[in-house]
Amino acid sequence: MNGAPAMEVIRLQQVKKAFNQGRPNEFWAIRGVDLELEPGRITVLKGPSGSGKTTLLSMIGCLSRPTSGRILLGDRILSGLPERFMTEERRRTFGFIFQQFNLIKGLTALDNVMLPGCPLGGDHRALRQRARELLGRFGLEDRAASRVEWLSGGEAQRTAIARALINQPRCLIADEPTANLDSRLSEAFMEIVAGLREQGMTVLLTSHDPLVYDAPVVDRVVAMHDGRVVD
Amino acid sequence: MKRLLRRQACLLDFTLSSLARRPGKNLGLLLVYGLIVFLLASVMLFTDALRSEARQVLARSPEIILQRVVAGRHALIPAGYLERMGRIRGVTARHGRLWGYFYDPAVQANYTLLVPRNRRIADGEIVVGAGIARTRGLDRGDFLTLRGSDGTARSFRVAERLEGESELVSSDLILLSEADFRAFFGVPEGLYTDLVLTVRNPRELRKVAEKLTLRLPDTRPILRDEILRTYDAIFGWRQGIVFVLLAGAILAFVIFAWDKASGLSAEERREIGILKAVGWETSDVIRMKFWEGAVISLSAFLLGYLAAYAHVFYTSAALFEPVLKGWAVLYPEFRPLPRVDGLQLATLFFFTVFPYTLATIVPIWRAATTDPDQVMR
């Protein structure tokens, strides 16, 4: 992908995650997951609400650490990295699309897309150019200067995708990407994802939408229930 | 280094876009903040200009003034005291001065009447300061009639108007001849208002003053440095009064700014979470907020300080004139010379820009150290 080192396999070994550990309201969201995710493929974590899909995704994407167990990227242990290196990994290896898109209101689509590139300290003009190209690639060149709250649901999502790709990550992570979209836009999203896989990108999705996990482009579906992988 | 600068430029760019999202709120804050800096800087600049003007004027005045004191009050001094004091080492010149005050009921103002030594004024003529000329509508050739100490009205022809170099001291001044002065105030020959002594070496001043007190025990020597100190104290006191008056407004602003800067809305917390999730480090978020505080406080500082500079040096501090100058009726047209004191500038900077910027960073520190996975929940 764009001259970046090829994505390696992601391995989860006995990963567990507890919230409010040691308190009366202690809750185990992940209860021991072993999983191997092949690079260059589209994997969907499916399951009902509360099954632990999002928690697992956030740990794989270095947004949080497991309470126990290990997450490896190739032979590097991601789960034990200090905060600074986790951020670095998050910035360079992963691109995120959140369920609510999480665009920053009041800023333009272009500014939002440029956000992850900001702390890298690269050439600002080149970053702006790259953001424009990405918006153009998703048919949003005319909306670059629009504030994100003026965008439609589909436009907001494509802006979020462009933002996820700005740092040329090797793995795209999307949490319930079609939850706020109608069927037509959901299909359009899956087409974009298929295009990204064509370019060699690893894609990890969570969804309980059949339009996503039944899509022909999906290579693997991992079912989850009560914090465990069930198949 | 280049990477670091680019990173800062990018953060600053984002900060500016971020500030532009709430133009009304931020502009309002900028204006109130700028107004506070303007008020404080105006007082500081104007007081400093007055002090420096006083110093400039006093630089040409005699080193020692000798007054005779009777029952603790200033009294006329006989010319014979010039001989009685004898020869004092270090004193290069000495002479008697004639000056006094006159209250003009017509305009309810006090004038200072003085017999100059460095110019001759013909009997029946006067030279008037710009303030008197303005108040009484006088010009060259006009007559000014004043009632003397014996009750008779005397008319003086205005030979000249004193223009400018330091209107601060010449505004209420009337120069007249010695004969006219003595006749007007009823001061007999051989008496002066006070004596002045010129001493070249400033280190000899104290010793000269000591000798004068010993040889002429009913006199009081006043050193130029003492007058300077008094001026400093008076201007400092006036500055203090204005600061006290402003204190309420400043305090209100501090509370408002602290609240604005230190309180983080749920929206702002969410944004910090997003930034961290997309790869911003805690330090990037703090830097960005630092820039936000710095942009507002620096702009307000520059805006307020430049406005204060224009206010003091181009409009003669129109807002503060009455309280800071202290003239009763004859307000001089005081045009202070543009002057900026580095230490004063730094002090004002430290007490305005620094606390605000700090107030923006502290709460961010707490918010920015939260886990980035908040945005996923």
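Contact annotation: the side chain of A/Thr87 never approaches that of B/Trp280 to less than 4.5 Å [non-hydrogen atoms, C-beta and beyond]. Counting heavy atoms from C-beta on, the side chains of B/Val278 and A/Phe98 come closer than 4.5 Å. Proximity of A/Leu120 to B/Arg6: side-chain heavy atoms (C-beta onward) are nowhere separated by under 4.5 Å. Contact check for B/Glu281 versus A/Pro119: no side-chain heavy atoms found under the 4.5 Å cut-off.
Taking each heavy atom of A/Arg128 and B/Asp13 in turn, the nearest pair found is NH2-OD2, 3.7 Å.
Going from atom CD1 of B/Ile274 over to atom CD1 of A/Ile104 covers 5.0 Å, rounded to the nearest 0.5 Å. The OG atom of B/Ser17 sits 6.0 Å away from atom CG of A/Leu107, with the distance rounded to the nearest 0.5 Å. We find the OG1-CZ distance between B/Thr282 and A/Arg84 to be 11.0 Å, quoted to the nearest 0.5 Å. The SG atom of A/Cys118 lies 9.0 Å from the CG atom of B/Leu275; values are rounded to the nearest 0.5 Å. Within the model, atoms NZ of B/Lys276 and CE of A/Met86 stand 10.0 Å from one another, a figure rounded to the nearest 0.5 Å.
Interface remark: A/Glu83 contributes side-chain atoms only to the contact with chain B (heavy atom separation under 4.5 Å). Interface residue A/Leu127: only side-chain heavy atoms are found under 4.5 Å from chain B. With a 4.5 angstrom heavy-atom cutoff, A/Arg65 does not touch chain B via any of its atoms.
Using a 4.0 Å cut-off between a side-chain N of Lys or Arg and a carboxylate O of Asp or Glu, A/Lys105 and B/Glu271 do not qualify as a salt bridge. Using a 4.0 Å cut-off between charged side-chain N and carboxylate O, A/Arg91 and B/Asp284 make a salt bridge.
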Please report the C-alpha distance between B/Phe14 and A/Leu115 in whole Å, then the side-chain angles of each, then the deciding distance to 0.1 Å, and finally whether the side chain to side chain contact (heavy atoms under 4.5 Å, CB included) criterion is met. CA-CA 8 Å; B/Phe14 172 74; A/Leu115 272 183; 3.2 Å; yes

